[in-house]
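Computation of the quantities below employed the complete heavy-atom set of this structure, encompassing side-chain atoms and omitting hydrogens, waters and symmetry-equivalent molecules. Residue numbering restarts at 1 for every chain, and letters A, B, ... go by the order of the sequence lines.
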2 protein chains.
Amino acid sequence: MRITPEPTMRRLPHYLHFLKRQLENGVEKISSTIIAQALSLDSTQVRKDLEYTGVKGKPKTGFFVKELIQAILEFLTWTTRRDAFLIGAGNLGSAMLGYNRFREYGLNFVAAFDTDENKIGSEIYKVPIFTLDKIPSMARRMNVQVGVLTVPAHAAQTATDLLVEGGIKAIWNFAPTYVKAPKEVVIENHQFTESLAALTRKMVEVDFHLEKYRLSNLEGNRT
Amino acid sequence: MRITPEPTMRRLPHYLHFLKRQLENGVEKISSTIIAQALSLDSTQVRKDLEYTGVKGKPKTGFFVKELIQAILEFLTWTTRRDAFLIGAGNLGSAMLGYNRFREYGLNFVAAFDTDENKIGSEIYKVPIFTLDKIPSMARRMNVQVGVLTVPAHAAQTATDLLVEGGIKAIWNFAPTYVKAPKEVVIENHQFTESLAALTRKMVEVDFHLEKYRLSNLEGNRT
DNA sequence: TGTTTTTAGAGAAATTTTTCTTCATATTTG
DNA sequence: CAAATATGAAGAAAAATTTCTCTAAAAACA
């Protein structure tokens, strides 16, 4: 098992989504060229990515859509249910508990945790809320493997430590800060500031290069 | 102006966040080594990243925290206000309108759009809701540059087209699908399925490699 | 059945990103 | 005031990722 390139892992769900829609439309076979076109990617890259999942395509025929979907789902282990804790039942946290599509990805929230006393003992979308100190014991007892952090930045490390104490295997961090954990714990940061930074910076750079492009065109016209 | 590597752009907000906290704690000068340590990165990488913002550090002293913060903010153009439209005032969309920290990044929601007739004419966190067909004309009139997509997948392309028609410069896409736009429009996808895929796949790979590590250790002990 | 066209697969090449090295310089210490 | 030390800068090297190129297989069509 070679390790999968990060960019490949991130592209796979996009293939999956596209393929599911194709299947709904009755498409049974599909070529890497078509996939690439639809997602504005290079067809070689699509093939390279799909190679990791183990599926084989046939020249001139392409891939079987159903087979491909299944292969991606299994590669990402989205076919098996994975129980998860949510830490921080605020704005974003509640929205996540209410998002029932997570099941499609195998993610199943079994409990949420918060410091707000008014929330303790209640339920949000049928998920019960507990105090944070319950995390370690409950995680061990219920064998929960994933912790989702939707807490403010200052509370992120404490929550992480509790999850690690509970023997959690992966942390999906939505708090706007890095957290530290032993290296065998998978940490996946999902911060909107990252993509916002890319967005705003690219706006400047695109502007600049369009400007340059326009200028060089003018020069070109002049000569 | 050389173009900035994607990973660099994504790391900058993390430096920013860390530096802000340092400043709060009264730290005035900081070295790339310290930053690297705090964020579990390589110090050379930190220096390379910071280089893009144009700041210069002094040997043995490091960087001035205030100066660094300012440089990053300006590099990301987060010091100037940028008006934005939000398309899709559902669960996630409402949460975003309510998140008042966006101001810190220069992002300012001036209007939201939805298809739900009950929402039209009302306000969410003081932001008025309109029908989608108003997008092009309003975007032009108000000179709005950013469109934030928090619609279901099937509505994403239509919304994108309307934004493009309105002369928008960048689209921040939270819908679980790719959208197409002319190449001068910056599109930044921010999909949780991407990081979830990375998370779940890494869990398997870490498991596998830990197992291998354990096995090779056993063998090592045997000989 | 033979020829042409399309496409997957494999590996090479190019590009991008990260890591490593060396060097000059500012600060600290004796 | 000189030596030691930590640090940033610059560029080289290495690693990772993407793109390109070629070959062979399958399908379409004559």
Quick one: which protein N/O atoms are closer than 3.5 Å to N/O atoms of nucleotides 10-14 of chain C? Pair and distance per line, please.
unit_1: C:dG11; atom_1: O6; unit_2: A:K48; atom_2: NZ; d: 3.2

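- One finds the CZ atom of A:F102 at 13.5 Å from the CZ atom of A:R82 (value rounded to the nearest 0.5 Å).
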Side-chain donor-acceptor contacts of residues 169-178 of chain A below 3.5 Å, not counting sequence neighbours, with atom names and distances?
unit_1: A:K169; atom_1: NZ; unit_2: B:D207; atom_2: OD2; d: 3.4
unit_1: A:W172; atom_1: NE1; unit_2: B:S195; atom_2: OG; d: 2.9
unit_1: A:N173; atom_1: OD1; unit_2: A:A175; atom_2: N; d: 2.9
unit_1: A:N173; atom_1: ND2; unit_2: A:T177; atom_2: O; d: 2.7
unit_1: A:N173; atom_1: ND2; unit_2: A:N189; atom_2: OD1; d: 2.9

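- Between the C1' atom of D:dA6 and the CZ atom of B:F63 lies a distance of 14 Å, rounded to the nearest Å.
- Rounded to an integer number of Å, the gap from A:I30 CD1 to D:dA27 C1' is 18 Å.
- Between B:Y99 and B:Y105, the gap from one ring centroid to the other reaches at least 6.0 Å.
- Taken from CG in B:L41 to NZ in B:K48, the straight-line distance is 15.0 Å, to the nearest 0.5 Å.
- Taking atom CG of B:L41 as the reference point, atom P of C:dC20 lies 14 Å away to the nearest angstrom.
- If you take NZ of B:K58 and P of C:dT28, they are 11 Å apart, rounded to a whole angstrom.
- When the side-chain nitrogen and oxygen atoms of A:R10 are compared with OP1 and OP2 of D:dT17, none of them lie within a distance under 4.0 Å.
- Note on B:S32: only backbone sugar-phosphate atoms sit closer than 4.0 angstrom, heavy atoms only; bases stay farther off.
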Report the C-alpha distance between A:Y52 and A:F75 in whole Å, list the side-chain angles of each, state the deciding distance to 0.1 Å, and finish with yes or no for ring-ring contact (aromatic ring centres under 6.0 Å, His included). CA-CA 8 Å; A:Y52 279 92; A:F75 183 78; 7.0 Å; no
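- When the C1' atom of D:dA10 is taken as reference, atom OH of B:Y52 falls 13 Å away, rounded to whole Å.
- Residue A:Q45 places no side-chain N or O under 4.0 Å from the OP1 or OP2 atom of D:dT17.
- Other residues, nucleotides and ligands place more than 12 heavy atoms under 6.0 Å from the NZ atom of B:K20.
- Nucleotide C:dT17 holds its P atom 13 Å from the CG atom of B:L12, rounded to whole Å.
- Between the CD1 atom of B:I34 and the C1' atom of D:dG8 there is a distance of 14 Å, rounded to whole Å.
- Under the 4.0 Å criterion applied to side-chain N and carboxylate O atoms, A:E6 and B:K202 are assigned as salt-bridge partners.
- Residue order along DNA chain D, read from the 5' end via each residue's closest nucleotide, puts A:E6 first among A:E6 and A:T61.
- In this structure, the CG atom of A:D49 is 15 Å from the C1' atom of C:dA8, given to the nearest Å.
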